[in-house]
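Have a look at the structure below before the remarks.
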There are 2 protein chains.
Amino acid sequence: MKKMNEAITTDFEQINTELVGVFNNVMWIEEAALKRSYFSDITLKDMHTIEAISMYDEKSASQVAKIIHLTPSSMTAAIDKLVEKGYVERRRSSKDRRVVRLGLTHKGRVVYRAHQEFHRDLTHNLVKNMSPKDVSIVKQAIHNLVSYLAQIINQ
Amino acid sequence: MKKMNEAITTDFEQINTELVGVFNNVMWIEEAALKRSYFSDITLKDMHTIEAISMYDEKSASQVAKIIHLTPSSMTAAIDKLVEKGYVERRRSSKDRRVVRLGLTHKGRVVYRAHQEFHRDLTHNLVKNMSPKDVSIVKQAIHNLVSYLAQIINQ
DNA sequence: TAATTTATTTCGATTGTCAAACTATCTCAA
DNA sequence: TTGAGATAGTTTGACAATCGAAATAAATTA
């Protein structure tokens with residue numbers, strides 16, 4: 001019994017150590033991977049803007065700003081840059097001409113899919129060689145984490 | 001059999017979606033948690049500097065810069081700020097008077113331990129209510145991910 | 001000892017971010 | 001119908017973080 005608890009502690013510590021490493025490093029690894037890719041003219045933050053535009057269909061500028069936690073003025077600047085580089089399109093809504101609707105260009109959709117693929121590779125490697133039952137356990141763990149993070153946000 | 005494969009696909013997709021969410025959001029959630037804490041005068045990047053100093057004992061400025069992927073000149077600026085705020089101490093090595101050795105002050109160690117606790121809470125919630133066997137599976141998954149990230153870096 | 005290498009700092013430029021002020025448009029109540 | 005506020009986005013000015021290049025200082029090598 002003592003031995004088993006030791007094993008639990010050890011597993012916990014290893015998970016904790018590696019998880020901290022992942023959180024501290026995944027950002028610059030993504031950034032570095034992006035720089036080495038064909039799309040070397042956008043940053044990871046740009047990519048998150050592109051993700052937010054693509055995932056949430058036909059969002060307005062302020063909605064995207066909220067998703068990625070930017071102020072409206074910063075959003076304007078971020079979009080200016082992405083429009084200039086040819087990843088994003090701005091168009092005024094015809095219903096409400098104050099609203100700017102955001103969409104991806106062809107180039108924008110290509111880079112978005114490439115980044116999606118990067119994430120899918122990460123997930124694929126996370127559950128590499130695991131049985132369906134084990135994958136389901138991992139799913140539960142990630143879901144626990146997501147729930148906890150949501151709880152922190154809404155506290 | 002078809003049903004089982006569908007289940008695998010679904011689990012994979014859910015893990016992927018939630019994992020992307022975690023990666024995209026954990027940063028600003030940590031940042032927000034930090035701002036609400038007693039230590040509201042440092043950013044998450046400052047915290048990573050503090051982590052690097054604490055974890056890797058008696059490192060020089062350039063070694064810490066390498067760990068957190070900053071140029072030496074940016075490191076100087078980052079440390080200036082942390083010294084001014086009372087979290088970090090600079091002292092010239094007596095062996096080689098070119099090198100700056102970095103250490104945490106009492107205040108620095110307190111904030112470091114508080115942040116460690118935050119990470120341990122995350123890990124604790126990741127494996128909440130799981131059997132030792134399931135925890136071990138999660139450990140394996142995280143380790144797979146770390147290995148893959150390491151492989152990307154060294155490619 | 002002179003030349004070279006190494007560790008850090010200083011300097012100037014660039015970029016990302018924000019808050020405040022501004023413009024255009026919409027909504028609603030008199 | 002109209003005019004006072006509300007709302008969406010932009011512009012502007014200031015500030016922080018970051019970088020690369022040059023400067024400084026100390027150690028090492030030839």
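As a basis for the values below, the full set of heavy atoms in this structure was taken, side chains included, without hydrogen atoms, waters or symmetry mates. Everything quoted here is computed from the prediction, not taken from an experiment. Numbers restart at 1 for each chain; the letters A, B, ... are given by sequence-line order, proteins then strands.
Taking only distance into account, the side chain of A/S62 never meets the base of D/dG9 through a donor-acceptor pair shorter than 3.5 Å.
Within 4.0 Å (heavy atoms only), B/R92 reaches sugar-phosphate atoms of the nucleic acid but no base atom.
You can see that DNA chain C meets the heavy atoms of chain A within a 4.0 Å-exclusive cut from C/dG16 to C/dC26, reading 5' to 3'.
At whole-Å resolution of the value, CD1 in B/I68 and P in D/dA17 are 13 Å apart. With rounding to whole Å, A/R90 atom CZ is found 16 Å from D/dA8 atom P. For the pair B/L70 CG and D/dA16 C1', the interatomic distance rounds to 13 Å; values are reported in whole Å. Rounded to whole Å, atom C1' of D/dG9 lies 12 Å from atom CE of A/M75. Between the C1' atom of D/dC19 and the NE2 atom of B/H69 lies a distance of 16 Å, rounded to the nearest Å. Rounded to whole Å, atom C1' of D/dT18 lies 11 Å from atom NZ of A/K35. Atom CD1 in A/I79 sits about 12 Å away from atom P in D/dT11, given to the nearest Å. The distance between atom NZ of A/K66 and atom C1' of D/dG9, rounded to the nearest whole Å, is 14 Å.
Under the side-chain contact (heavy atoms from CB on, under 4.5 Å) test applied with A/R113, the options A/H115, A/Q116, A/E117 reduce to a single match, A/Q116. For the side-chain contact (heavy atoms from CB on, under 4.5 Å) with A/D11, the lone residue among B/V138, B/I137, B/V135 that qualifies is B/V135.
Base orientation of D/dA14: anti, since the glycosidic angle falls outside 90° of 0.
Of the possible donor and acceptor atoms, none in the side chain of B/K45 sits under 3.5 Å from a partner among the backbone N and O of B/I68.
In this structure D/dA8 sits in a base pair with C/dT23, meeting the Watson-Crick or G-U test at under 3.5 Å. D/dA16 is unpaired under the criterion used here, namely a Watson-Crick or G-U wobble arrangement in which both key atom distances are under 3.5 Å.
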Query raised in the report: B/H48 and B/E51: side chain to side chain contact (heavy atoms under 4.5 Å, CB included), yes or no, with the steps?
Result: CA-CA 5 Å; B/H48 288 161; B/E51 266 185 291; 3.1 Å; yes
Query raised in the report: Would B/F118 and B/L34 satisfy side chain to side chain contact (heavy atoms under 4.5 Å, CB included), going step by step from the backbone distance to the final call?
Result: CA-CA 10 Å; B/F118 177 86; B/L34 204 51; over 6 Å; no
Requested in this report: May I have the step-by-step check of side chain to side chain donor-acceptor pair (under 3.5 Å) for A/T43 and A/D46, ending in yes or no?
Outcome: CA-CA 5 Å; A/T43 64; A/D46 291 333; 3.2 Å; yes
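Side-chain N/O atoms of A/R98 include none lying less than 4.0 angstrom from OP1 or OP2 on D/dG9. Close to D/dC19, at under 4.0 Å from its OP1 or OP2, lies a side-chain N or O of B/T71.
When distances are taken from the side chain of A/A61 to each of D/dG9, D/dC19, D/dA27, the shortest belongs to D/dG9. Closest to the A/S73 side chain, of the nucleotides D/dT12, D/dA21, D/dA26, is D/dT12.
Nearest heavy-atom pair across A/I79 and A/A61 is CD1-CB, 4.1 Å.
Under the 4.5 Å side-chain contact rule for hydrophobic residues, A/V20 and B/M27 do not share a cluster.
Heavy-atom nearest nucleotides on DNA chain C were determined for A/K45 and for A/K95, and the one closer to the 5' end corresponds to A/K45.
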